[in-house]
Amino acid sequence: MPEGPEVETVRRSLAPWLVGSRITALSLRRRDIIVTPADPPGGFSRQRTIPTRPRPVPRPDLLLDQTITALERHGKQLALIADSGRVLLVHLGMTGKLVVDALPVPSQVASRRAARAPATPHTHIQWNLSTPYATPGTPSTLRLRFIDPRRFGGLWTLPTRDDLTLRWSSLGPDATQITPAALAASLASRSAPIKAALLDQAIVAGVGNIYADESLFLARLHPRAPAASLSPAQLAALAHAIRTVIHAAIDARGSTIRDYTDSRGQPGTAQLTHNVYARAGLPCPRCASPLASATIAQRTTVWCPNCQTQPCV
DNA sequence: CTGGTCTCCTGATCGC
DNA sequence: TGCGATCAGGAGACCA
């Protein structure tokens with residue numbers, strides 16, 4: 001389940017392959033994974049279209065015939081920036097993947113094999129790219145695939161860099177850089193449980209269910225504590241905990257719980273250091289009390305009832 | 001504006 | 001072995 005650290009790991013594993021590469025072809029299998037700003041009313045909506053058979057489509061908004069100049073991330077969102085100025089914004093959602101590899105060379109053997117074996121299921125779009133970095137032994141033609149079984153993810157096509165800036169301005173600071181002051185400002189009027197607030201991307205971008213629980217554990221805060229009730233010292237502890245947890249997870253190349261991998265298929269190892277996530281009933285790593293579990297903000301939440309401060313209600 | 005609930009979607013897992 | 005129920009959750013829609 002990609003949260004900020006997983007998306008950052010994807011970004012880092014994609015960048016050496018994509019930056020400088022030019023998209024030479026694309027194949028769109030499901031149009032309804034694409035969201036365009038032009039869709040009325042209310043701005044963004046899915047294109048409800050019958051799934052199409054794979055076919056080449058002239059889509060400049062999907063960066064066809066453009067060169068990728070940068071990959072940028074804010075929170076859980078990954079932006080492919082093209083030399084044209086266009087931006088393709090990717091949400092991985094729950095089960096989304098961006099996978100890059102060498103484009104299989106067509107051959108009779110490969111064709112027959114491909115005809116027998118179905119393509120990777122849930123591949124909604126594929127881009128072919130030519131890379132300028134080809135050396136002997138290195139393929140010069142790549143393919144990038146967006147694969148998302150549950151389709152909670154999607155693609156946003158943005159005409160300009162300014163549209164990206166505008167869109168990202170509605171998100172809070174990236175979790176890698178969250179400060180006590182920023183938390184204080186955005187939580188001051190929030191009576192919701194701090195757990196719910198941490199999942200709100202407008203408050204801090206990139207924290208999902210796993211890292212919210214881990215951050216609250218590190219900061220010794222009860223997930224039900226009203227957000228606005230936190231003291232300055234607690235806010236400082238929380239901001240520090242978020243940065244610590246997120247940076248450690250990035251260093252570990254993300255958490256592989258079920259099927260998350262980076263763009264080259266490599267799993268992360270951050271799950272090995274989780275203190276509370278998915279550990280309900282097991283002893284607290286700090287005090288050995290059994291960890292408690294409940295649903296907060298529609299999410300399974302795990303905490304230590306002994307060493308995470310009770311909410312003062 | 002805020003917060004809570006619902007919804008989307010498929011695969012893994014579990015109890016019977 | 002099969003099958004229905006349950007769970008996983010990011011984030012927008014919707015309502016009080």
Side-chain angles (χ1 to χ4, degrees), chain A residues 1-8 10 29-37 39-51 73-78 89-98 118 120-124 146-156 167-168 170-172 174-175 185-215 223-229 246 249 254-261 267 271 274 276-281 293-302 311 313:
Chain A
M1 42 206 77
E3 301 180 23
E6 287 73 33
V7 179
E8 174 63 15
V10 169
R29 290 168 172 79
R30 281 199 74 110
R31 287 189 45 156
D32 63 2
I33 59 151
I34 298 171
V35 183
T36 61
D39 286 349
F44 293 86
S45 67
R46 293 296 178 105
Q47 291 180 356
R48 287 296 165 197
T49 313
I50 299 167
R73 180 193 63 85
H74 190 91
K76 303 168 187 172
Q77 304 184 14
L78 181 64
L89 189 59
V90 182
H91 278 220
L92 297 178
M94 272 294 294
T95 54
K97 281 187 179 194
L98 281 173
T120 305
H122 311 297
T123 299
H124 305 313
F146 177 71
I147 304 167
D148 186 10
R150 291 170 68 180
R151 302 206 302 279
F152 281 16
L155 308 176
W156 278 251
R167 190 173 168 79
W168 279 357
S170 64
L171 297 176
D174 188 79
S186 56
L187 297 181
S189 63
R190 293 292 195 122
S191 62
I194 184 61
K195 168 67 183 277
L198 288 183
L199 295 176
D200 184 342
Q201 301 300 294
I203 291 175
V204 51
V207 174
N209 199 40
I210 296 173
Y211 300 118
D213 280 8
E214 295 299 321
S215 298
R224 285 198 215 273
S229 74
I246 295 290
S255 299
T256 295
I257 302 299
R258 192 165 281 125
D259 54 7
Y260 161 77
T261 66
Q271 71 280 3
H274 291 169
V276 290
Y277 178 80
R279 294 177 50 84
S293 175
T295 298
I296 302 175
Q298 280 69 248
R299 296 291 175 266
T300 300
T301 301
V302 185
V313 177

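A, B, ... follow the sequence lines: proteins, then strands. Residue 1 opens every chain. Computation of the quantities below employed the complete heavy-atom set of this structure, encompassing side-chain atoms and omitting hydrogens, waters and symmetry-equivalent molecules.
- The CD1-P distance, from A:I296 to C:dG10, rounds to 15 Å in whole Å.
- Here the C1' atom of nucleotide B:dC9 and the CZ atom of A:F146 are 13 Å apart, to the nearest Å.
- OP1 or OP2 of B:dG11 sits under 4.0 Å from a side-chain N or O of A:H122.
- Phosphate contact (OP1/OP2 of C:dA8, side-chain N/O of A:T300, threshold under 4.0 Å): present.
- Across all strands shown, A:Y260 has no heavy atoms under 4.0 Å from either base or sugar-phosphate atoms.
- The side chain of A:P149 approaches B:dG11 more closely than any other nucleotide in the set B:dC9, C:dA8, B:dG11.
- Distance CE (A:M94) to P (C:dC7): 15 Å, rounded to an integer number of Å.
- Across A:D148 and A:G96, no two heavy atoms sit closer than the pair OD1-N, 3.3 Å.
- Closest of all the heavy-atom pairs between A:L92 and A:P2 is CB-CG, 3.7 Å.
- Judged by distance alone, with hydrogens and angles left aside, A:R150 brings a side-chain donor or acceptor within reach of the base of B:dC9, the pair sitting under 3.5 Å.
- Distances from the side chain of A:R167 to the nucleotides C:dG12, B:dT2, B:dT10 place C:dG12 closest.
- Computed from coordinates, the A:H74 NE2 to C:dA11 P distance equals 12 Å when rounded to whole Å.
- Within the 4.0 Å cut-off from OP1 or OP2 of B:dT2, not a single side-chain nitrogen or oxygen of A:S191 is found.
- Rounded to whole Å, atom P of B:dG3 lies 10 Å from atom CG of A:L187.
- Between A:R73 and A:D174, at least one side-chain N (NZ, or NE/NH1/NH2) sits under 4.0 Å from a carboxylate O, which counts as a salt bridge.
- The backbone N or O of A:V207 sits less than 3.5 Å from a side-chain atom of A:Q201, completing a donor-acceptor pair.
- The CD1 atom of A:I194 sits 13 Å away from the P atom of B:dG4 (whole-angstrom rounding).
- Among the nucleotides C:dA8, B:dG4, C:dG10, the one closest to the side chain of A:P193 is B:dG4.
- Rounded to an integer number of Å, the gap from A:D200 CG to B:dG3 P is 9 Å.
- Using a 4.0 Å cut-off, no side-chain N or O of A:Q201 falls inside it from OP1 or OP2 of C:dG10.
- No side-chain heavy atom of A:Y260 sits less than 4.5 Å from a side-chain heavy atom of A:E3.
- Atom C1' of nucleotide C:dA8 and atom CG of A:D213 are separated by 14 Å, given to the nearest angstrom.
- With hydrogens and angles left out, the side chain of A:R299 and the base of C:dG10 share a donor-acceptor pair within 3.5 Å.
- For B:dT10, the OP1/OP2 oxygens have no side-chain nitrogen or oxygen of A:T95 closer than 4.0 Å.
- Looking at heavy-atom distances under 4.0 Å, A:Q298 makes contact with a base.
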